[in-house]
Amino acid sequence: MPAKTASERLMKPLFLAAIFALAAVGQEPASPAAIEETGLRQLRTLRRVYVDRLTGGETAAQMRDILVTSLDGAKLFILTENPDRADATLRGAAEDLVFTEVHTSSDSLNAHTNFGSGRTTRSAGGAYGGIGIGENESEHSAERRHEAIAAVRLVNKDGDVIWSTTQESQGGKFRRASTDVADMITKKLIEDYERAKKLAPLSPAASGTSTH
């Protein structure tokens, strides 16, 4: 049997490399819509959720308590204090700030006019005059502001993020900003949970199950 030439020895590896390259091209990355749908499908299967400690200091700890109360009122999931029993964990960061915003503005108007005439001879005479107008006005105000923000995500047991949102609020006359943010997070979660319930069931082929 004649020995293979160098070109023949290279043909097989190159052919296999071409096959693998074509296969890689055929596997396109999932679209954002497909990723979102996957997360929503997992969202509606959750039964127990653990709300982890939020980062951000003392105000974040208070936000966690308010958020737990708000989520519990929605009755979407069973909220557990045992992370080992949870199907997913709510993690994130929150901050509740009270600060003073200072505003300073100033307006000014100034006009100066001088006129005169004179001559120097044996009989001297002259006239001089001047007009000056000055006006300065400044305003200084300080406003006390309250602002809260939270960014949270639901993470399944595999560590994959299946849902997330960021909400912020300046509160209201009769409502704390942190309470408003917690309710906005809960409202967003309810909206997406309702969307998840309306998704059509996956076909056996798509879900990986067999009809045989």
Side-chain angles (χ1 to χ4, degrees), residues 27-102 142-202 206-208:
Q27 295 178 351
E28 297 181 356
S31 65
I35 294 173
E36 182 184 23
E37 181 177 329
T38 300
L40 290 175
R41 290 188 183 280
Q42 293 185 59
L43 183 63
R44 71 180 182 185
T45 65
L46 301 181
R47 294 188 66 249
R48 283 185 173 84
V49 170
Y50 171 70
V51 181
D52 203 356
R53 184 171 59 184
L54 303 177
T55 59
E58 183 179 350
T59 58
Q62 296 173 356
M63 177 74 79
R64 177 189 183 273
D65 292 337
I66 297 172
L67 184 56
V68 168
T69 301
S70 181
L71 291 172
D72 185 57
K75 302 301 180 186
L76 291 178
F77 321 108
I78 298 172
L79 297 183
T80 178
E81 292 292 339
N82 184 352
D84 296 330
R85 297 193 63 198
D87 301 313
T89 300
L90 188 73
R91 298 193 176 105
E95 196 168 26
D96 191 338
L97 299 173
V98 178
F99 58 95
T100 301
E101 194 171 68
V102 178
E143 182 181 1
R144 189 174 176 82
R145 300 285 297 274
H146 187 187
E147 184 175 292
I149 184 171
V152 297
R153 62 195 182 277
L154 271 172
V155 183
N156 64 17
K157 285 184 175 292
D158 294 329
D160 299 331
V161 176
I162 62 176
W163 179 85
S164 65
T165 186
T166 299
Q167 301 292 340
E168 59 182 314
S169 172
Q170 295 181 354
K173 187 175 182 180
F174 302 105
R175 190 177 182 84
R176 287 185 58 188
S178 54
T179 303
D180 198 29
V181 165
D183 287 348
M184 290 166 69
I185 291 172
T186 301
K187 181 180 178 182
K188 176 62 175 172
L189 185 57
I190 292 173
E191 290 177 356
D192 290 340
Y193 189 82
E194 291 299 322
R195 287 175 56 206
K197 289 168 60 177
K198 295 176 181 178
L199 290 175
L202 289 174
S207 60

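By convention here, the first residue in the shown sequence is residue 1.
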query: What residues form a salt bridge (charged side-chain N to carboxylate O under 4.0 Å, His left out) with Glu191, not counting sequence neighbours?
result: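 Once residues adjacent in sequence are excluded, Glu191 has no partner under the salt bridge (charged side-chain N to carboxylate O under 4.0 Å, His left out) criterion.
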Shortest non-hydrogen separation from [X] to [Y] and the atoms involved:
{"X": "Ala60", "Y": "Thr55", "result": "CB-O, 3.4 Å"}
{"X": "Met63", "Y": "Ala94", "result": "CG-CB, 3.6 Å"}
{"X": "Ala177", "Y": "His146", "result": "N-CE1, 3.8 Å"}
{"X": "Asp192", "Y": "Leu40", "result": "O-CD2, 3.5 Å"}
{"X": "Glu168", "Y": "Met184", "result": "O-CE, 3.6 Å"}
{"X": "Ser169", "Y": "Gly171", "result": "OG-N, 2.9 Å"}

message: I'd like to know if the side chain of Gln62 pairs up with that of Asp96 as donor and acceptor (distance under 3.5 Å, no hydrogens or angles considered).
response: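 No - no donor-acceptor pair under 3.5 Å links their side chains.
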Distance-only donor-acceptor check, side chains Gln167 and Thr165, under 3.5 Å: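 Yes.
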With a 3.5 Å distance limit and no angle check, can you tell me whether [X] reaches the backbone of [Y] through a side-chain donor-acceptor pair?
{"X": "Arg44", "Y": "Ala196", "answer": "yes"}
{"X": "Arg47", "Y": "Asp87", "answer": "no"}
{"X": "Ser70", "Y": "Ile66", "answer": "no"}
{"X": "Asp158", "Y": "Asp160", "answer": "no"}
{"X": "Lys157", "Y": "Thr89", "answer": "no"}

When rounded to the nearest 0.5 angstrom, what distance separates [atom1] in [X] from [atom2] in [Y]?
{"X": "Ile78", "Y": "Leu71", "atom1": "CD1", "atom2": "CG", "answer": "14.0 Å"}
{"X": "Ile162", "Y": "Thr38", "atom1": "CD1", "atom2": "OG1", "answer": "11.0 Å"}
{"X": "Ser164", "Y": "Leu90", "atom1": "OG", "atom2": "CG", "answer": "10.5 Å"}
{"X": "Ile149", "Y": "Leu97", "atom1": "CD1", "atom2": "CG", "answer": "9.0 Å"}
{"X": "Arg195", "Y": "Glu37", "atom1": "CZ", "atom2": "CD", "answer": "9.5 Å"}
{"X": "Leu79", "Y": "Thr69", "atom1": "CG", "atom2": "OG1", "answer": "9.5 Å"}

message: Quick test of your reading: applying ring pair (Phe, Tyr, Trp, His ring centres under 6.0 Å), list the pairs with at least one residue in residues 149-169, sequence neighbours left out, ordered by first then second residue.
response: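 Pairs touching residues 149-169 that pass the test: none.
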task: Would you list the pairs meeting ring pair (Phe, Tyr, Trp, His ring centres under 6.0 Å) in which at least one residue belongs to residues 49-89, sequence neighbours left out?
output: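 Sorted result for residues 49-89: Phe77-Tyr193.
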field: Within-4.5 Å side-chain heavy-atom neighbours: Val49 and Leu76
entry: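 When only atoms from C-beta onward are counted, Leu76 and Val49 do not touch, as no gap falls below 4.5 Å.
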- request: Compare all side-chain heavy atoms of Leu43 with those of Leu189 and state whether any distance is below 4.5 angstrom.
  value: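 Heavy-atom side-chain distance check passes, below 4.5 Å.
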